[in-house]
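Heads up, the thing below is written out as structure tokens.
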Amino acid sequence: MATTATESVVVRRPLDVVAKVATDPGVLLPLVAGLGRFRFIGRLDDGTEEWDMFLDIGAIHVGGRVHVVSAAPTLTWQSVRGTRHSMLVEVTEHPDGATVTMAMTVELGGLVLGRLAERIARGIAGRHLVAGLEQLRHHLEFGSPR
Amino acid sequence: MALVRVPSLHRVPDGVEGRDPEYIRRILPRLWLAFELYFRAEVDGFEHVPDEPVLFVGNHSGGASVPDTWLFLLAYNTYFTVEGRPLIGLAHRVITDTPLIGDLARKFGMVKAGPHRAREVLDQGANVLVYPGGDVEALRPTRDRNRIVFDGRKGFLKLAHDAGVKIVPVVATGGQETVLVLNDGRATAKALGFDRFLRIKSVPLTLSIPWGLLPGGLPHLPLPAKIRMQVLPPIDLQERYGDEPDWDDAYDYVTSTMQVALSALAARTILPVLG
């Protein structure tokens with residue numbers, strides 16, 4: 001089973017400027033994981049990267065090692081260790097600038113309780129995505145995240 | 001024929017002089033118990049507050065019961081002590097004009113909101129607490145509970161700039177989970193003329209205890225939502241924008257800064273209401 005949280009934010013900056021930042025894992029991951037922890041592991045031969053990324057949620061740490069593929073205007077990552085999840089970041093045009101959309105899909109084990117946990121996880125993931133998107137927007141519009 | 005003078009229903013002066021530190025000291029333990037046990041409240045960041053008069057700017061939540069206001073008063077008066085720099089909150093006339101409740105609010109440091117009141121209080125050396133979003137924000141739909149809704153009001157920026165004081169933003173989550181607000185009630189308030197006659201800008205459909213489904217917000221028994229509050233570093237408008245700020249830019253910056261912090265605080269929520 002899997003559940004997906006999707007959130008968007010409008011950034012009042014040109015699409016190319018937004019895409020460059022939003023699809024740079026070195027900028028984006030610290031923003032998205034600002035409420036947890038993150039660490040750059042290394043760059044692979046094909047140009048992709050591996051990072052350790054965890055969200056601190058109450059008593060647990062959701063995340064693990066992720067394989068990041070960046071190709072502006074999109075960025076994706078897939079877990080290779082830890083909580084099974086994937087992420088899609090996409091930048092599209094908007095009359096006021098650009099829209100950044102993040103979609104996080106989380107897979108948890110179990111049947112009834114697993115489904116309940118996924119439902120709760122979707123809300124948590126959604127709030128983390130909003131927090132990350134707002135940090136990204138503020139960073140782009142005002143120069144520095146608070 | 002002599003006019004009959006009707007005695008004022010209010011016995012407590014509306015201003016810094018009406019604030020009663022001993023009264024606050026007596027009430028604090030009850031408030032503390034309520035917020036500690038019922039709302040499991042957490043407040044952080046008072047170390048950011050400079051030792052000079054400042055304008056606290058908060059996001060308003062919880063309909064007519066505004067638990068975030070009481071929590072801030074509690075936390076402030078225990079962190080800085082009741083004898084420290086007084087904190088004065090600007091309150092809607094619905095609160096300050098209500099017999100008995102108005103007097104109690106004034107003793108706690110609330111004054112009736114007005115164009116010059118905040119400036120007068122700042123000039124007296126007190127800190128001032130304002131909620132620019134007012135009733136529109138306190139009655140925003142539940143779906144927007146983690147959004148800053150100042151409704152384009154920029155008066156607080158001009159106040160801070162003209163008075164030469166820093167803005168200290170305060171964000172809180174959980175307050176808007178104490179009542180269920182089903183829609184945005186601004187159009188209803190306008191249609192009923194409430195915005196002109198009562199200065200009430202929002203009349204949404206709310207679901208609360210004990211009223212059930214109700215147009216508008218009456219004081220209710222709040223749901224026991226966990227409330228988290230964060231005091232942010234000060235923003236100096238003079239330093240950032242000079243003598244003649246672009247108010248739209250300043251508004252965007254302050255609300256954006258608060259939105260970032262509010263969203264980060266909201267991300268700590270595991271389940272709405274439970275915290």
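Per chain, numbering begins at 1; letters A, B, ... match sequence-line order.
- Checking A:H85 against A:W77 by side-chain atom types alone, a donor-acceptor pair falls below 3.5 Å.
- Contacts of residues 86-103 of chain A with chain B at a heavy-atom distance below 4.5 Å are absent; not one residue qualifies.
- Between A:W51 and A:H67, the ring center distance fails the sub-6.0 Å criterion.
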Check your understanding: Step by step, would you call B:F56 with B:F72 a ring-ring contact (aromatic ring centres under 6.0 Å, His included)?
Key -> CA-CA 10 Å; B:F56 289 106; B:F72 189 77; 5.0 Å; yes
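- No side-chain donor from either of B:Y131 and B:D68 sits under 3.5 Å from a side-chain acceptor of the other.
- A cation-pi geometry, defined here as NZ or CZ lying under 6.0 Å from the six-membered ring centre and within 45° of its normal, holds between B:R240 and B:Y253.
- Residue pairs meeting the side-chain hydrogen bond (donor to acceptor under 3.5 Å, both in side chains) criterion with at least one partner in residues 109-119 of chain A, sequence neighbours excluded, are absent.
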